[in-house]
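The structure appears right after this line, and notes come after that.
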2 protein chains.
Amino acid sequence: MPPRRAQRNTLDRDRVLTSAMLLADRDGLDALTIRGLAAELGVRPMAIYHYVASKDELLDELVDLVFREVYVPCGQDWRTELFQRSTSMREALGRHPWALPVVDTRSHPGPAMLANHEAVLDVLRGSGFSLQATTHAYAVMDAYVYGFALQEVMLQKAGLPDSAPKGLEDITLARFPRISELATIYITAPVYPLLASFDIGLNLILDGIGRFTDLFPEPKETPDQ
Amino acid sequence: MPPRRAQRNTLDRDRVLTSAMLLADRDGLDALTIRGLAAELGVRPMAIYHYVASKDELLDELVDLVFREVYVPCGQDWRTELFQRSTSMREALGRHPWALPVVDTRSHPGPAMLANHEAVLDVLRGSGFSLQATTHAYAVMDAYVYGFALQEVMLQKAGLPDSAPKGLEDITLARFPRISELATIYITAPVYPLLASFDIGLNLILDGIGRFTDLFPEPKETPDQ
DNA sequence: ACAAAGTACGATACGCTGTACGAAACCAAA
DNA sequence: TTTGGTTTCGTACAGCGTATCGTACTTTGT
């Protein structure tokens, strides 16, 4: 864009990351290229590399920015704390649909993600959950939350795309009456129906997790020997 | 590779798809390039495009091949049927860790995926679940299964990679005692611990889903009016 | 005030990707 | 043998991340 050289201090790490996030939110993950981001910032591509070592690092930083939006649980009331943090997690991943695809291609957990996980574990252990109970509780709960967000992202993508009207050809749809039955529910629903499912499932899981304290009690201080 | 032209009918759609799957399983998703696949097949890159319209179509076909490995539920015993199909789904996604990242970038559900979903819905509706109960049950159960597989893929990726010993620097780990406590459990465990968590969580969810028949009963034939 | 050092930005280029286009080799039927 | 269809391939192009080096600017030391 600019034929002239950009002004001296137009860039800093925050501006790079914020613009990158905006670009991914607005135009999708594919639009987030170094060249495109540079254009967005009014700068030539290579300028970016003075603030980010590589695109991989940039993506790692971006997903951690997403996790920073998630509520960090605390205190003794594990039930409502974890409910809020799970809801918050789902909302954050919904606000940035590109995040989940990025996360599961990637291996490095960022500090915000680690801090959040630590907080969840701390709340559980601080509420009388044994180590074993905490392990199971955490795996089950987070699987549900991530998975639900993932399904929503997939459904969202299947909603818009190219050819098919509802994302499925009518001929194909006719072969799957149960699915089309369910699809019409989703389409004609007055309110977004998955939100109700999420709350129902989350409560179901939190109820189940609550029973873990009895199922997997703290090991006795001096075993029966 | 071959300086000479490849023999006439060395290729067909199945060989292309099978080799692509093998390549992704063995060397990872990044290694699955048209050129690399061509080399694997002993063929020049452009030959592939006579059997696949584009790489996108190839990937769509591949994920559907994965879903074809998943057990298709049937019959009235919804509890054990859905348990088996969920376990089978988790195993299939574990066998092909590249599949999940591909799925959630993609929008087109393939025929095998549709058929499997249809079967799940059919089992539920055939076991006395109302449409509403089925909707919630399906959303909750599949969220859990997908999410669990996703977590396993992430953990698996965090296990191997580059620098860090356990995937986390010791200094960083020291700031998160709960996480490191849990990490040592996972590392020193005699058997793979997440499998137990999966079964526990799945049973928990199936128990909860079973209550949906009472919570969301079939609407009365002639309402109270 | 002036030079030296350091910092922020950019031009060019390389190797990689998917793939459009059209030519070439092969096989089948006329 | 000729024709025509099918399969394989050579070439080329646009776009990607980014290594390398150069240029402009600011800051500092004297």
Side-chain angles (χ1 to χ4, degrees), chain A residues 1-21 23-24 26-63 98 101-102 105-108 161-162, chain B residues 1-21 23-24 26-63 98 101-102 105-108 161-162:
Chain A
M1 283 294 191
R4 298 274 296 102
R5 179 175 273 247
Q7 286 187 38
R8 185 69 178 190
N9 277 347
T10 44
L11 243 51
D12 60 68
R13 196 160 216 266
D14 256 24
R15 253 177 66 70
V16 170
L17 295 179
T18 311
S19 283
M21 187 138 189
L23 188 57
R26 175 160 45 82
D27 300 338
L29 189 59
D30 289 347
L32 177 54
T33 69
I34 296 292
R35 291 177 223 273
L37 179 57
E40 197 84 2
L41 290 162
V43 150
R44 301 307 166 84
M46 293 311 291
I48 292 176
Y49 285 95
H50 275 258
Y51 302 94
V52 189
S54 65
K55 192 182 179 181
D56 267 10
E57 189 194 290
L58 193 157
L59 289 175
D60 281 337
E61 218 70 46
L62 280 190
V63 306
W98 48 267
V102 172
T105 331
R106 213 140 296 276
S107 51
H108 282 72
D162 41 88
Chain B
M1 281 296 190
R4 300 275 296 102
R5 178 175 274 248
Q7 286 186 39
R8 183 71 177 187
N9 278 345
T10 44
L11 244 49
D12 59 69
R13 196 160 216 265
D14 255 24
R15 254 177 65 71
V16 170
L17 295 179
T18 312
S19 283
M21 186 139 190
L23 189 56
R26 175 159 46 81
D27 301 339
L29 189 58
D30 290 346
L32 178 54
T33 69
I34 297 292
R35 288 162 163 77
L37 179 57
E40 198 84 1
L41 289 162
V43 150
R44 300 307 166 85
M46 292 311 292
I48 292 175
Y49 285 95
H50 272 256
Y51 301 93
V52 190
S54 66
K55 193 181 178 182
D56 267 10
E57 189 194 290
L58 193 157
L59 289 175
D60 280 337
E61 219 70 47
L62 281 190
V63 307
W98 48 267
V102 172
T105 330
R106 213 140 296 274
S107 50
H108 281 74
D162 41 88

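Letters A, B, ... are given to chains in the order of the sequence lines, protein chains preceding strands, and every chain is numbered from 1.
- Between the C1' atom of D:dA24 and the CG atom of A:N9 lies a distance of 13 Å, rounded to the nearest Å.
- Annotation: salt bridge (Lys or Arg N to Asp or Glu O under 4.0 Å) contacts of B:D12 (sequence neighbours excluded): none.
- Every residue meeting the side-chain contact (heavy atoms from CB on, under 4.5 Å) condition with B:E57, not counting sequence neighbours, appears here in chain and number order: B:R13, B:V52, B:A53, B:S54, B:E61.
- Annotation: the span from A:I34 atom CD1 to A:Y49 atom OH amounts to 4.0 Å, rounded to 0.5 Å.
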Whether each nucleotide of nucleotides 17-27 of chain C has a protein heavy atom under 4.0 Å at its base (B), only at its sugar-phosphate (S) or at neither (-) is summarised, 5' to 3', as BBBBB--BBB-
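- Partners of B:R35 according to the salt bridge (Lys or Arg N to Asp or Glu O under 4.0 Å) rule, which considers only residues two or more places apart in sequence or in another chain, do not exist here.
- Protein atom CG of A:L37 is 12 Å distant from nucleotide atom P of D:dC16, rounded to whole Å.
- For the side-chain contact (heavy atoms from CB on, under 4.5 Å) test, residues two or more places apart in sequence or in another chain that qualify with B:S19 are B:L37, B:L41.
- The salt bridge (Lys or Arg N to Asp or Glu O under 4.0 Å) search around A:D56 returns A:R106, not counting sequence neighbours.
- Between A:T10 and C:dA8, a side-chain N or O to OP1/OP2 separation shorter than 4.0 Å is absent.
- In this structure, B:I48 atom CD1 and D:dG10 atom C1' are separated by 15 Å, rounded to whole Å.
- The interatomic distance linking A:R44 (CZ) with D:dA24 (P) rounds to 13 Å, in whole Å.
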